Q: 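Below you will find the structure I want to go over with you.
Only heavy atoms go into these numbers, but all of them, side chains included; no hydrogens, no water, no symmetry mates. Start at 1 with the first residue, then count along the sequence. Values in this document were obtained by computation on a predicted structure and should not be read as measured data.
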Amino acid sequence: MILKSIATLTFVAALATAAFAQTDVVCDEAALLKAEQQIGQINDGAKKIESAKELDMAKQAMAANDVEKCKSHLSNAIKGMDAM
């Protein structure tokens, strides 16, 4: 019983952490431009391609006024750049 409770709390904490992490990302023109410039500096071809795809999807979401989707894709683009 205790093991199930711990597992449930761990799962909820993981979900909450992911949700709060996306709130740090601001999806606006400045953030998209900054990400685009950073992607241009990536040397790893595969990471560059994936980050560019996520950035394109973030731009499309922003154009459609879907802020949460924009944040999600921009966050993914940034995560793809982390190990430059």
Side-chain angles (χ1 to χ4, degrees):
M1 184 67 177
I2 293 174
L3 186 58
K4 284 185 179 181
S5 296
I6 292 172
T8 302
L9 288 174
T10 304
F11 179 72
V12 170
L15 290 176
T17 302
F20 287 127
Q22 283 189 2
T23 59
D24 295 336
V25 175
V26 176
C27 196
D28 60 8
E29 285 293 328
L32 293 175
L33 182 61
K34 182 179 176 184
E36 189 170 13
Q37 291 170 344
Q38 290 174 333
I39 289 170
Q41 297 173 358
I42 296 175
N43 294 327
D44 185 335
K47 288 181 183 183
K48 189 173 198 168
I49 290 169
E50 281 304 311
S51 291
K53 284 180 185 178
E54 289 291 341
L55 181 62
D56 285 339
M57 288 187 280
K59 288 179 181 179
Q60 291 172 7
M62 185 175 160
N65 292 322
D66 190 345
V67 177
E68 291 306 312
K69 192 172 183 181
C70 181
K71 285 181 182 182
S72 176
H73 287 298
L74 185 56
S75 177
N76 289 342
I78 292 168
K79 287 176 189 172
M81 292 185 271
D82 281 346
M84 287 194 301

Q: Between atom CD1 of Ile49 and atom CD of Glu54, what is the distance when rounded to the nearest 0.5 Å?
A: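 One gets 13.5 Å once the value is rounded to the nearest 0.5 Å.
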Q: Determine the minimum heavy-atom distance between Met62 and Cys70, stating which atoms define it.
A: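 Shortest heavy-atom separation between Met62 and Cys70 comes out as CB-SG, 3.8 Å.
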Q: Who passes side-chain contact (heavy atoms from CB on, under 4.5 Å) against Glu50, sequence neighbours left out?
A: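 Per chain and number, Glu50 pairs via side-chain contact (heavy atoms from CB on, under 4.5 Å) with Lys53.
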Q: Excluding sequence neighbours, so at least two apart, what forms side-chain contact (heavy atoms from CB on, under 4.5 Å) with Lys34?
A: Gln38
Q: Mind listing the closest non-hydrogen atom pair of His73 and Ala58 along with its distance?
A: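 Scanning both residues completely, I find the closest heavy atoms to be CB-N, 3.6 Å.
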Q: Closest approach of Cys27 and Leu74, non-hydrogen atoms and distance?
A: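 So the minimum-distance heavy-atom pair works out to CA-CD2, 4.3 Å.
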Q: What's the separation between atom CD in Gln60 and atom CG in Asp66, rounded to the nearest 0.5 Å?
A: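 It comes to 11.5 Å.
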Q: State which residues pass side-chain contact (heavy atoms from CB on, under 4.5 Å) with Glu36; sequence neighbours excluded, sorted by chain then number.
A: Leu33, Leu55, Lys59
Q: So which heavy atom on Ile42 is nearest to which on Lys47, and how close?
A: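 Between these two residues, the closest heavy atoms are CG2-CB, 4.1 Å.
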